[in-house]
Each structure stands twice: as C-alpha cells, then as structure tokens.
Amino acid sequence: MLTFVLGTGRCGSTLIAELVARHPDVGFVSNVDDKLSRLNLKGRWNSALFARSDERDPSLRPFRDRRRALERGRLRVAPSEGWSVLERQVSGIFPQPTRDLTAADATPWLVGRIREFFDSRIEAQGKPMFMHHLTGWPRSGLLSAAYPEARYVNVIRDGRAVANSWLQMGWWDGYQGPERWYLGPLPEAYREEWEESGRSFVVLAGLGWKVLMDAIKEARAQAPAGHWLDVRLEDFMTDPRGQMEAVLDFLGLEWTPQYEAGFARHSFQASRGQAWRRDLNEAQVEQLERVIAKPLLEHGYELTEPRPDHRTR
C-alpha cells in the first residue's frame, strides 16, 4: 500500500513522516536518493540505514539555510520529500506548482511516470507499505488518480506558528509578494485582506497558510471514505504514543517491539510551537488572527483575545 504524509510545511509533518518510516514494514525515498537524483537510486537500504539514525534535531534548518558549515545531526539517512528526484524522474509539475494538483492533471503520460517512480521503489525495497512525504499543496487528487487505494495522513498545525516559521525560512518567497511566490495569485477576497493590512508580510504568511488549508479542505472532501486522517501537531505533542497508535492503526500497521525501538529514539516537547507568541508583537498577532480566525477556530485553536470584528471568511 502507498501512503502520503501531507502538510503545509513547517507544520510537524517531517516528524510524523519519520515516525511512520521507523516501522520495519515501511519503505520511503531518502535524502540520499534525492541528492543523487541523477542516479535514480531505488533505496534498497534506506530502512536499514534509517533504523541506525537518531531523530532529526528540530533546530536544524533546511540545508541551504544552515547557519554553520558543519552541523551535528546533519549527516543521516532519513525520509525526504524528494523534490529533486521527483522533478528529474517524474515531472517538473511536482515541486512548486502554482495551484494544487488534481485528477484533472492526470494525463496518461504523467500517471505512468508516477507509477513507474513509486512501483520501482516499492519493488526494490520489498516493504508491504511505501510512505512518501509532501508539503505545500496536498496533490492528493493527482496521486489518487494514479493510486486509488492510497491513504493520506495530513498534519495540521496552528496557522500562527506556521506563518511565524515561514517568515524565518530562507526558502519562503512571500517577501517578493503574491505575484511571485509559489502559491500563485491570491483569491480576490484574500488580496483585499492583504492590501487592507498595509501589505504586511505577517498577514501574507497567514494568508498563504489559509490558501493551503482551503486546498486541503477540498482534497479531504474528494478523498475516498476512510482514506484520509487528520493529525493536529499540538495533540500529537501532548500524547505522542496515543496519537501514533491511531496513525499506525489507520495505516494497518502493528506496534511491534522493533517499532518501539525506533519510536524510543524520538523525544517530544508539548510546548513546541509557541514561539509565535514571542516572535510576533501584539499588533502583528491581532492582524494575523483577523485574517485566519475562521480556519483556526474550525481546527480547534483559540484566539488570543476573541473579538467580534475577527473575520470568518
């Protein structure tokens, strides 16, 4: 079976993907496969090598944004989103499309390339399940056209934390404005909200999260019954074992002694995700909440100070 761990980016989906990949019955594309994309490696030894790797240091930034030439914990074999190898072996449509990828994009040629990519790795790794991690647009409409039986674990994180984290990432292209960022043009209503904010980049990051949450909502509605699971990062960090048991059950995987050994390599901090309270000032938080109040409330997040003028669109 093929499963995809999805998320908006900076939402904790990397942690969930790594925990799924700890299972001895799960194969995946690794960071080595991606960096050596020209070789089209199939990852035969990925699981065995990852089993010997410790958890990823959450303080590490993306490779190109690293602060030092050498960083402890950087050298490890681990699951990867595989953007380089997907672009080279499948299509340039995958890494940063200007909108979500749906069943309407599923040309026979593209579906064939997707199946060739994953089927060859599933065969080489010989695992009952193959997991792939994707952030940004969910892309599940296209993926389900290629693999109708695929399952999706979608990781949700407080939009204030996501927006705050995006603002600090070197890859975030929102500073160029929505005319040039990878998410494509803002819907007119969202564009008005950005203009009304004085073109605040904090607000724009929040609107970007809201755009992706809209796409995820539509993708969830289109997924076959029983093929989609939402996991809130905050719930996971409070009860990692219980939440991970639910994920494994959804995927039809058992919590074995071997999996327990891999799970034990990870540590969890319930306080993770509160940096936005420190990094954003009161006025910025108010502006941000004004534009993302509705999806925050829909997913069980409380506003700092509920006000009647918070928008619900």
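Keep in mind that the numbers below use all heavy atoms, side chains included, and drop hydrogens, waters and symmetry copies.
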* Asked: Got Ile156 and Leu233 here, is their nearest side-chain heavy-atom distance under 4.5 Å?
  -> no
* **side chain to side chain donor-acceptor pair (under 3.5 Å) partners of residues 211-223, not counting sequence neighbours, each pair once** => Tyr190-Asp214, Glu218-Gln222, Arg220-Asp230
* To do: Show your reasoning for whether side chain to side chain donor-acceptor pair (under 3.5 Å) applies to Arg290 and Gln287.
  => CA-CA 5 Å; Arg290 188 181 300 275; Gln287 274 194 314; over 6 Å; no
* Structure fact -> Scanning both residues in full, the closest heavy-atom pair of Val155 with Gly12 reads CG1-C, 4.1 Å
* Is the centre of the Phe4 ring less than 6.0 Å from the centre of the Phe118 ring? -> yes
* **Residue of the set Phe130, Phe50, Trp45 for which ring pair (Phe, Tyr, Trp, His ring centres under 6.0 Å) holds with Phe28** => Phe50
* Side chains of Arg76 and Ser53: is there a donor and an acceptor less than 3.5 Å apart? -> no
* To do: Go through the steps for Tyr152 and Phe250 under the test ring-ring contact (aromatic ring centres under 6.0 Å, His included), then give the verdict.
  => CA-CA 10 Å; Tyr152 302 93; Phe250 171 72; 9.1 Å; no
* Asked: What pairs of residues pass the side chain to side chain donor-acceptor pair (under 3.5 Å) test when at least one of them lies in residues 244-257, not counting sequence neighbours?
  -> Trp255-Glu260
* Between Ser37 and Asp34, do the side chains contain an N or O donor and an N or O acceptor separated by less than 3.5 Å? -> no
* **salt bridge (charged side-chain N to carboxylate O under 4.0 Å, His left out) contacts touching residues 121-132 (sequence neighbours left out)** => none
* Asked: Between Tyr175 and Leu212, is there a shared hydrophobic cluster once you connect ILVMFWY residues whose side-chain heavy atoms come closer than 4.5 Å?
  -> yes
* To do: Indicate yes or no: does Arg191 engage Glu179 in a salt bridge with an N to O separation below 4.0 Å.
  => yes
* Asked: Which residue pairs satisfy the side chain to side chain donor-acceptor pair (under 3.5 Å) criterion with at least one member in residues 133-143, sequence neighbours excluded?
  -> Ser13-His133, Glu81-Thr135
* Pairing residues for Asp158 by the salt bridge (charged side-chain N to carboxylate O under 4.0 Å, His left out) criterion, not counting sequence neighbours -> Arg160
* To do: State whether Tyr301 and Arg232 meet the cation-pi test: NZ (Lys) or CZ (Arg) under 6.0 Å from the six-membered ring centroid, and within 45° of the perpendicular axis.
  => yes
Below 3.5 Å, can you tabulate the donor-acceptor pairs from side chains in residues 198-206 to any protein atom, sequence neighbours excluded?
| from | atom 1 | to | atom 2 | distance (Å) |
| --- | --- | --- | --- | --- |
| Arg199 | NE | Glu195 | OE1 | 3.2 |
| Arg199 | NE | Glu195 | OE2 | 3.3 |
| Arg199 | NH2 | Glu195 | OE2 | 3.1 |
| Ser200 | OG | Val202 | N | 3.2 |
| Ser200 | OG | Val203 | N | 3.1 |

* Is Arg265 atom CZ crowded by more than 12 heavy atoms from other residues, nucleotides or ligands, each under 6.0 Å away? -> yes
